[in-house]
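The first residue in the sequence is number 1, and the count goes up from there.
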Amino acid sequence: MGRICAYCGEKKKLTKEHIWPKCINKRMPELELKFLDNKKIVTSSELVISDVCAHCNNVKLSQLDYYLCSLFDLYFKNFIQDKKAFKFKYDYNLLLRTLLKITYNSSRTKSRENNDFEKFKNYILYGNELREDIVVKLDLIMPAVHNEKKIYPKSTRCGTFDINFKQDNFILRMISLNSFYFYIIISKEENIITELAEIELRYLIKNIPGTIIHPYKKEINITNYSNLDTFNIHQHHILTNKKYYEKFLKK
């Protein structure tokens with residue numbers, strides 16, 4: 001007897017779905033260590049979750065994996081070296097669905113019940129609707145320089161981020177590949193109808209770095225860069241979780 005697929009909701013035999021697309025893992029084999037924040041563990045294994053049916057996994061979701069890897073080949077594999085104007089071309093529907101898929105996959109390693117992102121599962125599978133409850137920003141991270149040597153922001157990351165501001169109406173998530181940091185502002189309600197929610201959204205948009213990825217356009221021109229580099233974008237994570245990496249490396 002099958003179990004319930006996390007996407008289509010049908011009872012079927014389930015398969016292993018990669019949290020990060022397998023094609024990304026193959027393109028970045030040097031990233032051997034993965035950190036699961038909710039479990040506070042470091043592992044060298046690929047991160048998977050076994051709750052997706054074969055059709056959703058290999059037909060619907062694989063299209064999004066292919067799209068992300070095409071962006072990797074066009075953009076993400078190249079580190080941004082300076083703060084020159086940068087043109088980023090995209091399909092907003094595919095990009096947002098891909099970012100939400102990674103977010104939803106990652107969140108289920110923590111909780112499958114009362115999951116904040118389950119409401120997006122049909123949009124992830126099928127798209128073709130306007131999501132006015134989500135804003136995406138893209139920031140480009142510079143290499144740091146240490147002893148006259150450039151240290152590049154080589155990593156993939158998915159999780160929460162903090163701007164020292166309490167959000168009552170929104171959920172914040174971040175997904176990054178090397179220099180490219182996508183910040184996602186997600187309304188807890190489908191419609192932003194209160195004045196306080198609008199004030200909160202304006203504050204978040206102003207204080208979260210990056211350029212808004214416009215849902216009605218196919219490209220953006222990035223000229224406004226933050227002052228973040230490899231060191232300060234990773235510093236908090238490394239200092240906070242140093243003991244878990246040390247524990248793993250002592251094995």
Side-chain angles (χ1 to χ4, degrees), residues 19 37-38 83 86 88 90-124 127-142 153 156-177 179-229 232-237 239-241:
I19 293 176
D37 186 62
N38 59 296
K83 296 183 178 181
F86 182 87
F88 179 68
Y90 57 91
D91 180 308
Y92 186 80
N93 178 60
L94 289 174
L95 177 61
L96 180 56
R97 289 166 61 200
T98 301
L99 296 177
L100 289 174
K101 179 181 89 80
I102 296 171
T103 299
Y104 182 39
N105 283 352
S106 176
S107 70
R108 297 198 312 282
T109 65
K110 181 178 182 179
S111 175
R112 302 184 191 187
E113 302 295 329
N114 301 315
N115 189 294
D116 290 327
F117 309 104
E118 184 178 7
K119 64 182 179 181
F120 298 117
K121 62 184 183 181
N122 286 333
Y123 175 68
I124 294 170
N128 298 323
E129 62 178 286
L130 179 63
R131 300 299 319 196
E132 294 185 343
D133 52 345
I134 300 175
V135 176
V136 182
K137 299 189 76 175
L138 171 60
D139 191 29
L140 302 177
I141 304 302
M142 295 294 109
T156 56
R157 302 175 69 184
C158 173
T160 60
F161 66 96
D162 184 20
I163 61 169
N164 296 315
F165 176 75
K166 183 178 181 295
Q167 299 94 48
D168 295 317
N169 300 284
F170 297 90
I171 301 169
L172 304 181
R173 285 296 183 272
M174 176 269 293
I175 293 177
S176 71
L177 296 97
S179 297
F180 294 74
Y181 274 65
F182 295 92
Y183 296 103
I184 312 170
I185 306 169
I186 303 172
S187 174
K188 294 179 180 179
E189 305 294 335
E190 287 197 13
N191 297 306
I192 303 172
I193 57 176
T194 69
E195 183 178 353
L196 288 177
E198 290 181 357
I199 292 171
E200 185 178 321
L201 178 60
R202 286 196 294 269
Y203 180 90
L204 293 172
I205 290 174
K206 180 179 178 181
N207 289 276
I208 292 172
T211 301
I212 291 177
I213 298 182
H214 200 294
Y216 300 112
K217 296 181 179 179
K218 295 183 178 180
E219 63 181 50
I220 54 172
N221 196 36
I222 299 174
T223 57
N224 182 26
Y225 288 70
S226 70
N227 292 319
L228 297 173
D229 63 20
N232 51 39
I233 199 71
H234 290 101
Q235 184 178 40
H236 176 75
H237 171 77
L239 293 178
T240 303
N241 301 295

Student: Kindly indicate whether the side chain of Phe117, heavy atoms from C-beta on, has any atom under 4.5 Å from the side chain of Ile124.
Tutor: no

Student: Determine, stepwise, if the pair Met142 / Ile233 fulfils side chain to side chain contact (heavy atoms under 4.5 Å, CB included).
Tutor: CA-CA 10 Å; Met142 295 294 109; Ile233 199 71; over 6 Å; no

Student: Given the rule in the side chain to side chain contact (heavy atoms under 4.5 Å, CB included) test, do Val135 and Phe170 qualify, once you have shown the distances and angles that lead to the verdict?
Tutor: CA-CA 10 Å; Val135 176; Phe170 297 90; over 6 Å; no

Student: When rounded to the nearest 0.5 angstrom, what distance separates CG in Leu177 from CD1 in Ile102?
Tutor: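 Rounded to the nearest 0.5 Å, the CG-CD1 separation comes out at 6.5 Å.
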
Student: Which donor-acceptor pairs under 3.5 Å do side chains of residues 205-216 form with protein atoms, sequence neighbours excluded?
Tutor:
residue	atom	partner	partner atom	Å
Asn207	ND2	Tyr203	O	2.8
His214	ND1	Tyr216	N	3.0

Student: Provide the closest heavy-atom pair for Ile134 versus Val136 in the form atom of the first, atom of the second, distance.
Tutor: CG2-CG2, 4.1 Å

Student: Measure from the ring center of Phe161 to the ring center of Tyr181 and say whether it is less than 6.0 Å.
Tutor: no

Student: Quick one: does Gln167's side chain have a donor or acceptor within less than 3.5 Å of a partner on Leu172's backbone?
Tutor: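 Not a single qualifying donor-acceptor pair exists.
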
Student: Checking side chain to side chain contact (heavy atoms under 4.5 Å, CB included) between Arg97 and each of Phe120, Tyr92, Tyr123, which is the one that passes?
Tutor: Tyr123

Student: Check this for me, if you would: do Glu219 and Lys217 make a salt bridge, where the nitrogen-to-carboxylate-oxygen distance has to be below 4.0 angstrom?
Tutor: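 Salt bridge: no.
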
Student: Give a yes or no on whether His237 atom NE2 has more than 12 heavy-atom contacts from other residues, nucleotides or ligands under 6.0 Å away.
Tutor: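 Counting neighbours around NE2 of His237, more than 12 heavy atoms of other residues, nucleotides or ligands fall under 6.0 Å, so yes.
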
Student: How far does CD of Glu198 sit from CD of Glu195, to the nearest 0.5 angstrom?
Tutor: 7.0 Å

Student: Does the Ser106 side chain pair with the main chain of Thr103, one donor and one acceptor, at a distance under 3.5 Å?
Tutor: no

Student: Might you work through the side chain to side chain contact (heavy atoms under 4.5 Å, CB included) test for Leu204 and Tyr183, ending with a clear yes or no?
Tutor: CA-CA 10 Å; Leu204 293 172; Tyr183 296 103; over 6 Å; no

Student: To the nearest 0.5 Å, what is the distance between CG on Leu100 and CZ on Arg131?
Tutor: 8.0 Å

Student: Taking the side chain as C-beta and beyond, is there a heavy-atom pair between Asp133 and Glu189 under 4.5 Å?
Tutor: no

Student: Rounded to the nearest 0.5 Å, what separates atom CZ in Arg173 from atom SG in Cys158?
Tutor: 8.0 Å

Student: Do the non-hydrogen side-chain atoms of Phe88 and Leu140 ever get within less than 4.5 Å of each other?
Tutor: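 Not in contact.
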
Student: How about Asn105 and Lys101: do any of their side-chain heavy atoms sit closer than 4.5 Å?
Tutor: yes

Student: Hey, what do you get for NE2 (His234) to CG (Leu239), rounding to the nearest 0.5 Å?
Tutor: 12.5 Å

Student: Between Asp139 and Lys137, is a side chain to side chain contact (heavy atoms under 4.5 Å, CB included) present by the stated rule, with each step listed?
Tutor: CA-CA 7 Å; Asp139 191 29; Lys137 299 189 76 175; over 6 Å; no

Student: Tell me whether the count of non-hydrogen atoms from other residues, nucleotides or ligands lying under 6.0 Å of NZ in Lys110 goes above 12.
Tutor: no

Student: To the closest 0.5 Å, what do you measure between CD1 (Ile184) and CD1 (Ile171)?
Tutor: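 If we round to the nearest 0.5 Å, Ile184:CD1 and Ile171:CD1 are 11.0 Å apart.
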
Student: Looking at Asn115 and Arg108, what are the two nearest heavy atoms and their distance?
Tutor: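 Scanning both residues completely, I find the closest heavy atoms to be ND2-CG, 3.8 Å.
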
Student: Hey, does the side chain of Asp229 reach the backbone of Asn232 with a donor-acceptor pair shorter than 3.5 angstrom?
Tutor: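 At least one qualifying donor-acceptor pair exists.
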
Student: Would you say Asn169 and Leu201 make side-chain contact, with heavy atoms under 4.5 Å?
Tutor: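 Of all side-chain heavy-atom pairs linking Leu201 with Asn169, none is under 4.5 Å.
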
Student: Measure across Phe86 and Tyr225 and return the closest heavy-atom pair with its distance rounded to 0.1 Å.
Tutor: CB-OH, 3.5 Å

